[in-house]
Asker: 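The structure's right below; bear with me while I get my questions together.
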Amino acid sequence: MAEALPKASIRDTLAVATEVFLPTVAKGVILRRPKVVAMAERLQLDGRAVRCLQRLRHRYGEGPLMLRVPGRSQAIVLSPEHAQRVLDETPDPFASASTEKQAALAHFQPHGVLVTNGAVRAERRRVNEAVLETECPRHRFADRFAAVVREEVAELVGRAQRALTWELYTQSWFRVVRRVVLGAAARDDTVLTEMLARLRGDANWAFLHPRRRRLRERFIERLTAHVRRAEPESLAGLVASYPASPDADLIGQMPQWLFAFDAAGIASFRALAVLSTHPHSAEGAQAEIQRSSGASAPLLPFLRACVLESVRLWPTTPMILRQTLAETQWNGARMPKDTGVLIYVPFFHRDDTRLPFAHRFAPEQWMGGAATERSALIPFSAGPAVCAGQQLVLLLTSLMLASLLRDRELRLESPTRLNALRPLPATLNNFSLRFSIRDRTPAFVRSHSPSAA
Ligand code: HEM
């Protein structure tokens, strides 16, 4: 007879529900809720979630652990090897389009590749890969994108004389995003971003919130108008000329790009906070920025690693969900078809029983290849459904950091709980970070530079 997978007691299932699942959902899976994030930070809820799963692994072994959820078969992954297997064997038998994810994303992108199963998935994935250039660290429009970042940062620094706050940062970041994705004429289309934010707010509630069809239609009409313009050197320009069948729903792929860049803004703002409190890494960043001066869109491996480390420490996609399309075997034990499989990413990223650097900033590991997928450091997921935008995110965020830090120093003014000598907090509220900006260039050089003339 086949062995059974370990099954959590009702009490332990409730612990997963209250310590892992609910806090993550309450923070807002699709659009973060600032008040809940602030509370989660006060209570360091991500740390509690990690400790809860460490306890369960100690009690039940490596799993996957079946939870006692009424009316459904639900598992949680507890070993890095199993996490890797689930991601490697996506989309079959581990379908990416789980019921909950479909319910959430149906509010604004029912045809996004992330929520597509079956034959059409391959074509939608190809479209995403072709336009985002998934395999390429330097997008073909990198020079243009770098110029956009430089212009927006120059403007941002002008506005952030008193303090660089999340509000100012995210305004500039979304200008960059709209210019990159839709072209220069979309720079100030904040209405589009706000429409998407309202739909994302609904998506946080998945099936519990009625869909606003009219709002979604108006959003898609507005987006389509930008794509029709087909501005050169924008992603929309590539979409407009991409040969695809109507099933691919090219424009239906784009809400994911616009929405997921929010996470990239959060990740880069947190990277700034860590850099401004970790002098050794800050020196490394400055050295790289100096070395790269003169190149229009340099690769900046260290700054990329800093962003990767930011999403390792504080994953912006904390829950990766899958659903089994067939029965699966786990060392002789069977998991039934139609089981929901949860990979809670912070558990693998902050598991201090396995990772000596769990709670400190260790960007170097991303440069030498030590942060292999084997150890389940998966901020951008892995396998065939790995984030299609990872390289573009790293390109734009590293350029953003370089532009901000070139000849400048950012000091974290509030809150000041980050410290290179202490373990980093499990939850970090990006909304409350505030920096002062100081010029690094000595006064003598400034007064003799040609631009000062
Ligand atoms: C810090 C920023 C980002 C992070 C950490 C991130 C992370 C992830 C993760 C973990 C997944 C897998 C989700 C799952 O399987 O449930 C994913 C999927 C995806 N991401 Fe990202 N992402 C980011 C930004 C972006 C951006 C800006 C784009 C597009 C411009 C993008 C495009 C995609 C696409 C198309 C998928 C679906 C891939 C598929 O199902 O085949 N992401 N991302």
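All values below come from the heavy atoms of this structure, side chains included, with hydrogens, waters and symmetry mates left out. One-based numbering, in listed order, for ligands and for the atoms of each.
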Asker: Need the ligand 1 atom indices (1-based, order shown) with element for anything under 4.0 Å from a heavy-atom of Val113.
Answerer: 35 (C), 37 (C), 39 (C), 41 (O)

Asker: Is Asp189 salt-bridged to Arg222, cutoff N-O under 4.0 Å?
Answerer: yes

Asker: Heavy atoms only: which of Ser268, Ala97, Pro315, Ala264 lies closest to atom 1 (C) of ligand 1?
Answerer: Ala264

Asker: Among all protein heavy atoms in this structure, tell me which lies nearest to atom 5 (C) of ligand 1, with the distance rounded to 0.1 Å.
Answerer: Thr316 OG1, 3.1 Å

Asker: Under 6.0 Å from the ring centre and within 45 degrees of the ring axis: does the NZ or CZ of Arg33 meet both conditions for the six-membered ring of Trp205?
Answerer: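 Judged by the rule, Arg33 and Trp205 form a cation-pi pair.
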
Asker: Quick one: side-chain hydrogen bond (donor to acceptor under 3.5 Å, both in side chains) partners of Thr277, sequence neighbours excluded?
Answerer: none

Asker: Going by the angle between their ring planes, with limits at 30° and 60°, are Trp166 and Tyr169 parallel, tilted or perpendicular?
Answerer: tilted

Asker: Against Phe94, only a single residue in Thr328, Leu321, Ile320 fulfils side chain to side chain contact (heavy atoms under 4.5 Å, CB included); can you say which?
Answerer: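 Filter result, single survivor: Thr328.
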
Asker: Between the side chains of Arg187 and Glu151, is the shortest nitrogen-to-carboxylate-oxygen separation below 4.0 Å, so that they form an ion pair?
Answerer: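 No.
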
Asker: Just go through Leu105, Ile320, Asn128 and tell me whose heavy atom is the nearest to atom 35 (C) of ligand 1.
Answerer: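 The nearest heavy atom belongs to Asn128.
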
Asker: Can you name the residues that form a side-chain hydrogen bond (donor to acceptor under 3.5 Å, both in side chains) with Asn204, not counting sequence neighbours?
Answerer: none

Asker: Give me the residue, atom name and distance of the protein heavy atom closest to atom 13 (C) of ligand 1.
Answerer: Leu114 CD1, 3.8 Å

Asker: Compute the minimum heavy-atom distance from Arg322 to ligand 1 and say whether it is under 4.0 Å.
Answerer: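 The answer is yes: ligand 1 sits under 4.0 Å from a heavy atom of Arg322.
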
Asker: Going by the rule side-chain hydrogen bond (donor to acceptor under 3.5 Å, both in side chains), which residues pair with Thr324 if we only count those two or more places apart in sequence or in a different chain?
Answerer: none

Asker: When you measure from atom 40 (O) of ligand 1 to each heavy atom in Arg124, Glu129, Arg121, which option holds the nearest one?
Answerer: Arg121

Asker: Excluding waters, how many protein N/O/S atoms sit closer than 2.8 Å to atom 21 (Fe) of ligand 1?
Answerer: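 Counting protein N, O and S atoms closer than 2.8 Å to atom 21 (Fe) of ligand 1 gives 1.
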
Asker: Thinking salt bridges, do Arg48 and Glu19 make one under a 4.0 Å N-O criterion?
Answerer: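 Between Glu19 and Arg48 there is no salt bridge, as every charged N stays at least 4.0 Å from the carboxylate O atoms.
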
Asker: So is Met319 in contact with ligand 1, going by heavy-atom distances below 4.0 Å?
Answerer: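 It does not, in that no heavy atom of Met319 comes within the 4.0 Å cut-off of ligand 1.
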
Asker: Is there a donor-acceptor pair closer than 3.5 Å between any side-chain N or O of Gln74 and the backbone N or O of Leu67?
Answerer: no

Asker: So which bit of Leu132 gets within less than 4.0 Å of ligand 1, heavy atoms only: side chain, backbone, both or neither?
Answerer: side chain

Asker: Is a side-chain N or O of Arg408 found less than 3.5 angstrom from the main chain of Leu404, in a donor-acceptor match?
Answerer: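 Yes.
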
Asker: Counting heavy atoms only, which part of Lys101 comes closer than 4.0 Å to ligand 1: side chain, backbone, both or neither?
Answerer: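 For Lys101, the contact with ligand 1 is made by the side chain alone.
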
Asker: Would you mind listing which atoms of ligand 1 come within a distance below 4.0 Å of any non-hydrogen atom of Pro379?
Answerer: 5 (C), 7 (C), 10 (C)

Asker: Should Ile30 and His107 be marked as a side chain to side chain contact (heavy atoms under 4.5 Å, CB included) after you check the CA-CA gap, both sets of side-chain angles, and the distance that decides it?
Answerer: CA-CA 11 Å; Ile30 308 293; His107 285 274; over 6 Å; no

Asker: Do me a favour and list the nearest non-hydrogen protein atom to atom 38 (C) of ligand 1 with residue, atom name and distance?
Answerer: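 Result for atom 38 (C) of ligand 1: Arg125 NH1, 3.2 Å.
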
